[in-house]
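First comes the structure, then the notes that go with it.
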Amino acid sequence: MAAPMELRCWGGDWGLPSLHPESLIVMVYARFSGAPLTVNTIDSSWRTAKGDVPVLISEDTVISQPAKILNFLRKQKYNADYELSAKQGADTLAYIALLEEKLCPALLHTFWVEAENYCSVTKPWFASRIAFPLSLYLPGKMSREALNRILLTKGGPPLYSLTEVEAQIYRDAKECLNLLSKRLGTSQFFFGDTPTTLDAFVFGFLAPIYKVCFPRVQLQEHLKQLPNLCRFCDDILTCYFRLTVAGHSPAGQDTADANLQKLTQLVNKESNLIEKMDDNLRKSPQHPPRKLTTLKLAAGGEEITPLNRLSP
Amino acid sequence: TAAEPWPENAALYQQLKDEQILLSDNASSLAVQAFLQMCNLPIRVVCRANAEYMSPSGKLPFIHVGNQVVSELGPIVQFVKAKGHSLSDGLDEVQKAEMKAYMELVNNMLLTAELYLQWCDDVTVEEITHPRYGSPYPWPLNRILSYQKQWEVRRKMKAIGWAGKTLEQVLEDVDQCCNALSQRLGTQPYFFNKQPTELDALVFGHLFTILTTQLITDELSEKVKNYSNLTAFCRRIEQQYFEGHDKDSSTTVAARSAKRSLLR
């Protein structure tokens with residue numbers, strides 16, 4: 001039995017366990033392979049900035065970057081790929097490369113570079129989850145890094161302006177989505193009926209595009225025209241995260257149940273209290289004694305008070 | 001225009017073969033040459049010291065066909081397709097997706113590893129890259145140009161997360177990539193069985209160059225040699241498409257029997 005493992009990552013919203021693609025990849029892979037992970041989402045109570053997110057901590061080892069974390073999990077015998085043939089393993093690597101080269105730049109752009117999206121959604125969301133004063137600095141840094149990465153890998157001649165680069169990366173991303181859709185076809189997962197590393201990566205990149213509500217959504221609109229990819233995301237969310245339409249996670253479900261219990265107890269207490277008050281009122285001199293009490297005496301001392309009768 | 005037939009004087013430009021060209025550019029150039037050979041389109045290789053500056057995108061190689069200039073394998077494949085020649089028309093949609101994915105794998109891992117080795121491994125940079133890259137130019141221009149290029153490449157490596165990798169990790173990645181390619185190729189002659197495609201050209205370009213280029217150590221070529229079907233694949237393509245041509249091709253018989261030296 002492996003030592004307990006903790007995953008530190010960004011939290012979720014809009015029905016997703018995490019908004020951050022890399023964090024999502026690790027979370028969903030852990031669900032696929034049955035790895036027991038305690039997920040600690042970053043919130044404003046954290047004092048230090050975690051540079052590399054997501055981060056897996058197991059005993060003394062600290063591992064960052066999804067590929068390395070997944071490798072570590074596999075070594076701990078949490079392997080979602082054990083049924084794959086070597087050729088399918090090779091295909092996995094190739095498709096992951098395709099995702100990183102063709103889809104990732106547009107995803108980064110939608111989240112971090114597109115001005116309307118960044119200012120109205122991304123920045124407030126991330127800033128609310130980072131402690132002050134880092135919340136003033138970190139989102140801006142992440143945005144700059146995203147733009148830098150896009151320009152260094154995709155910019156350069158013959159694309160000379162940012163708009164041309166943007167046009168190119170969205171074209172590439174849409175083509176990539178089309179290719180993924182063709183590859184998935186009508187299967188449930190990319191390699192048959194059980195989910196694997198590739199499904200984790202595809203889900204990690206697609207789900208944020210699919211679910212997060214941005215003002216500028218050209219990529220989401222394109223994705224929605226590919227129903228098998230949408231179905232793929234929804235299936236994983238309902239099966240592995242048991243997320244309902246409202247977006248309650250299993251942990252949320254438990255707290256909901258606990259709340260319900262507390263509420264029921266409270267209602268019962270209240271009703272008991274009301275009964276007591278009622279009883280007192282009845283016993284008070286203003287009101288004539290009820291037939292009930294005479295009945296009680298007549299019944300020969302059987303203690304059937306209204307209070308007992310109505311308590312759960 | 002796209003309607004014009006392929007001219008006889010089409011030319012491919014790259015850097016100077018013996019003194020200047022580096023591993024990654026040689027691989028890219030060879031990939032394009034192999035692709036054009038597979039399409040049966042004649043091309044002659046022209047070596048120019050300033051080829052990098054002539055290229056419309058700054059990347060090599062580029063081809064000059066009629067009055068058009070196109071650089072890099074991806075756009076060249078599109079261009080050739082517009083002229084009516086294609087190697088991947090016979091593939092179905094899923095196979096095309098697979099082909100594109102594997103091409104990205106080669107670019108993502110092999111090409112980046114080559115760039116890393118050339119520009120981020122200090123020993124290689126000092127002994128091979130700097131002398132070669134600036135060789136056509138007098139001092140101090142040669143040093144300035146090659147430092148400038150090195151800075152540019154290192155910036156890109158940092159942006160994609162490769163700057164923190166060690167040489168061992170990079171070689172691991174190369175091994176993983178070769179393993180994937182080897183598994184995918186299996187016992188077939190080409191990646192999509194009987195007919196070569198642009199993927200075969202790309203893989204050939206990189207693997208053959210790695211196998212025949214002498215670097216500081218043999219670690220890189222050893223990684224490829226571990227997979228016998230990959231070396232057989234390279235030999236097969238070389239024999240079929242590069243021998244018996246009296247062109248000035250960078251893959252002459254001499255290259256096969258003796259490793260070409262890239263040292264000075």
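Reckoned from all heavy atoms, side chains included, excluding hydrogens, waters and symmetry mates. Below, read A as the first sequence line, B as the second, and so on, with proteins coming before strands; counting in each chain starts at 1.
Counting non-hydrogen atoms of other residues, nucleotides and ligands closer than 6.0 Å to NZ of Lys81(B) gives a total of 12 or fewer. Heavy atoms from other residues, nucleotides or ligands lying under 6.0 Å from NZ of Lys77(A) number 12 at most. More than 12 heavy atoms of other shown residues, nucleotides or ligands fall within 6.0 angstrom of atom NZ in Lys154(A). For Tyr53(B), the OH atom sits in a packed shell: over 12 heavy atoms of surrounding residues, nucleotides or ligands are nearer than 6.0 Å. Within a 6.0 Å sphere centred on CG of Asp92(B), other residues, nucleotides and ligands contribute more than 12 heavy atoms.
The closest side-chain heavy-atom distance from Lys100(B) to Leu179(A) is below 4.5 Å. Inter-residue side-chain proximity for Tyr95(A) and Glu104(B) is flagged as unmet; no heavy-atom pair is nearer than 4.5 Å. Looking at Asn148(A) and Arg155(B), their side chains come closer than 4.5 Å, going by heavy atoms from C-beta outward.
Of the inter-residue distances, the one linking Ile96(A) atom CD1 with Met109(B) atom CE reads 8.5 Å to the nearest 0.5 angstrom. Rounding to the nearest 0.5 Å gives a distance of 11.0 Å between CG of Leu98(A) and CG of Asn107(B).
Neither the backbone nor the side chain of Glu145(A) comes within contact range of chain B; no heavy atom of the residue lies under 4.5 Å from a heavy atom of that chain. Within the 4.5 angstrom heavy-atom criterion, only side-chain atoms of Glu175(A), from C-beta onward, approach chain B. For Gln95(B), no part lies near chain A; criterion is any non-hydrogen pair under 4.5 Å.
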Worksheet entry | CA sep, side-chain torsions, deciding dist, call: Asn108(B), Glu100(A), side chain to side chain contact (heavy atoms under 4.5 Å, CB included) | CA-CA 9 Å; Asn108(B) 203 338; Glu100(A) 282 177 357; 3.5 Å; yes
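Between Thr153(A) and Ile160(B) the shortest heavy-atom distance is CG2-CG2, 3.4 Å. Counting all heavy atoms, side chain and backbone alike, Ala180(B) lies closest to Ala90(A) at O-CB, 3.2 Å.
Counting heavy-atom pairs under 4.5 Å between each of Ala101(B), Ala159(B), Ser71(B), Gly186(B) and chain A puts Ala101(B) at the top. Per-residue counts of heavy-atom pairs under 4.5 Å with chain A were compared for Lys59(B), Lys158(B), Glu93(B), Lys156(B); the largest is that of Glu93(B). Of the listed residues (Gln176(B), Glu152(B), Glu98(B)), the greatest number of heavy-atom pairs within a distance under 4.5 Å of chain A belongs to Glu98(B).
A donor-acceptor distance shorter than 3.5 angstrom exists from the side chain of Tyr102(B) to the backbone of Asp91(A), with no hydrogens or angles considered.
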